[in-house]
Amino acid sequence: MSVLVTGGAGYIGSHTVHALVEAGENVVVIDNLSTGFSQFLPESAPLFIGDAADENLVEGVISAHGVESIIHFAGSVVVPESMRDPLAYYRNNTMTTRSLLNVAVKCGINRFIFSSTAAVYGNPEQVPVPESAPTRPLSPYGSSKLMTEIMLHDVASAHGMNHVVLRYFNVAGADPQARMGLATAGATHLLKIAVEAATGQRAKIDVFGTDYPTPDGSCIRDFIHVSDLAQAHRSALSYLRGGSPSVTLNCGYGRGYSVLETIEAVRRVCGRNFAVQYAPRRPGDIMTMIADTSRIRGVLDWTPRYDDLETIARHALQWEEKLFHERQADQQHAVSA
Ligand code: UDP
C-alpha cells in the first residue's frame with residue numbers, strides 16, 4: 001500500500017514526501033517538474049514525470065503501486081500571475097483536481113488530502129480567522145482553490161471520500177538539513193526576497209506599505225515553517241486512517257509578525273545589514289492574516305517544532321546560501337568549460 005503525492009517534487013510537496021518516508025510510508029510521486037526538482041526527492045520515492053490531470057497516468061500509478069491515499073499539491077500558486085492569467089489557474093488547479101478526483105473515485109480511493117490556502121478567506125472580518133469565516137477570495141488563485149474545496153465536498157458526499165482540506169497561511173523556511181527549500185525562480189514571497197537580499201543577490205528589499213493601521217504600519221502575517229506543515233500532512237493522513245470525518249483546517253501558528261519584524265529577524269540571523277526601502281502598498285494585499293489554530297491543534301496529533309520566526313529565517317537563509325553557492329559554482333564551471 002502506498003501514498004500518492006502529486007506535486008511531490010515542489011517546495012511543500014518534497015518536505016511532505018520526506019516526512020512520510022521518514023515515518024515509514026511507501027510514497028509514489030507524480031510531478032510534471034514545471035516548478036519542482038527531482039533531486040528534492042528521496043531515492044525510495046519513485047517519481048513519475050507527468051501531469052496530475054493525466055487520468056491514464058494516474059490510474060496506472062494507483063494500480064501499480066497499490067495507492068490507498070492521495071495528497072494533492074500539484075498546481076499553480078502565484079497570486080499576481082493568477083490575476084494576469086485566470087484561466088491557467090482554473091485549468092491547473094480546479095480542472096486538474098477534477099480529473100484527479102475522477103480517477104480517485106473510479107479506483108475507490110477514499111482518503112484525500114488537499115492543499116488549500118488562506119487566500120480563500122479574502123479580507124477577513126475577524127482575526128485570527130477561524131475556518132468558519134466567510135470565504136470571499138480576492139484572486140483567481142484563491143477562487144480556483146475554493147472551487148476545488150467545494151468539488152471535494154460534493155465528491156465526498158456522493159462517494160464517501162474522506163478528506164482533509166489544509167488551508168495554508170504563510171509557508172516559509174526550508175528543510176533544517178538544507179536538502180530542499182524554495183528554489184522557484186522569480187519568487188515573490190517576503191522571506192525569500194529577504195534572504196536573497198541578505199545573500200547579496202538583491203540590492204534591497206521593498207516594504208510594501210508602512211501606513212497600515214498596525215503597530216509599525218506594515219502588514220502582519222502568520223508564518224508556518226514548511227517542515228511543520230509537512231508534519232501536519234502526515235498527521236492528517238493518520239487522522240483519516242483512524243476513520244475520522246472530513247475536516248478543513250487552518251495551518252499556521254496563530255501568531256502574527258509584521259513585515260518589518262520579519263525583515264529584522266532575517267537581519268539578526270544573517271548578521272549583515274541590507275537595504276530596506278519603504279514602498280507604496282502592493283495592490284490586493286490583506287493587512288493582517290493570522291490563523292485561528294484551535295481546530296488543527298484539537299483535531300490532529302501535531303506539535304510544531306519550529307514555531308519561532310528566527311528559526312524559520314535561519315533555515316531559509318541556510319538554504320538560500322546553499323542555492324547561491326551552487327549557482328556560483330555552476331557559473332564558474334560554465335565559464336571555464
Ligand atoms: N512583502 C513586502 N516586500 C516584498 C515581498 C512581500 O513588503 O518584497 C509584503 C507583502 O506586501 C505582504 C507580506 O510581505 O504584506 C507577505 O507577502 P507574501 O507575498 O510573502 O505573501 P502573501 O501574504 O501575499 O501571500
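In each ligand, atom 1 is the first atom listed, and ligand 1 is the first ligand listed. Note that the structure is predicted; figures quoted are calculated from it, not measured.
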Count the heavy atoms of every other residue, nucleotide or ligand shown that sit under 6.0 Å from [atom1] of [X], and state whether that count exceeds 12.
{"X": "Arg305", "atom1": "CZ", "value": "no"}
{"X": "His65", "atom1": "NE2", "value": "yes"}
{"X": "Met95", "atom1": "CE", "value": "no"}

Give the atoms of ligand 1, by number and element, whose distance to some non-hydrogen atom of [X] is under 4.0 Å.
{"X": "Ile193", "result": "8 (O)"}
{"X": "Val207", "result": "7 (O)"}
{"X": "Thr188", "result": "5 (C), 19 (O)"}
{"X": "Cys219", "result": "15 (O)"}

Quick test: of every protein heavy atom, which one is nearest to [atom], and how far off is it to 0.1 Å?
{"atom": "atom 18 (P) of ligand 1", "result": "Arg282 NH2, 3.7 Å"}
{"atom": "atom 7 (O) of ligand 1", "result": "Phe208 N, 2.9 Å"}
{"atom": "atom 13 (C) of ligand 1", "result": "Val259 CG2, 3.8 Å"}
{"atom": "atom 11 (O) of ligand 1", "result": "Asp285 OD2, 2.4 Å"}
{"atom": "atom 20 (O) of ligand 1", "result": "Leu190 N, 2.8 Å"}

* **Value rounded to 0.5 Å, distance of CD in Glu196 from NZ in Lys192** => 5.0 Å
* Quick one: does ligand 1 sit under 4.0 Å from the side chain of Arg281, the backbone, both or neither, non-hydrogen atoms only? -> neither
* Structure fact -> Honestly, for Asn170 the part within reach of ligand 1 (heavy atoms, under 4.0 Å) is side chain
* Structure fact -> residues 37-47 vs side-chain hydrogen bond (donor to acceptor under 3.5 Å, both in side chains), sequence neighbours excluded, gives none
* Asked: Should the pair Asp206-Arg282 be classified as a salt bridge under the 4.0 Å nitrogen-to-oxygen rule?
  -> no
* Asked: Ion pair present between Glu25 and Arg234, side-chain N to carboxylate O less than 4.0 angstrom?
  ->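 Answer for the salt bridge query: no.
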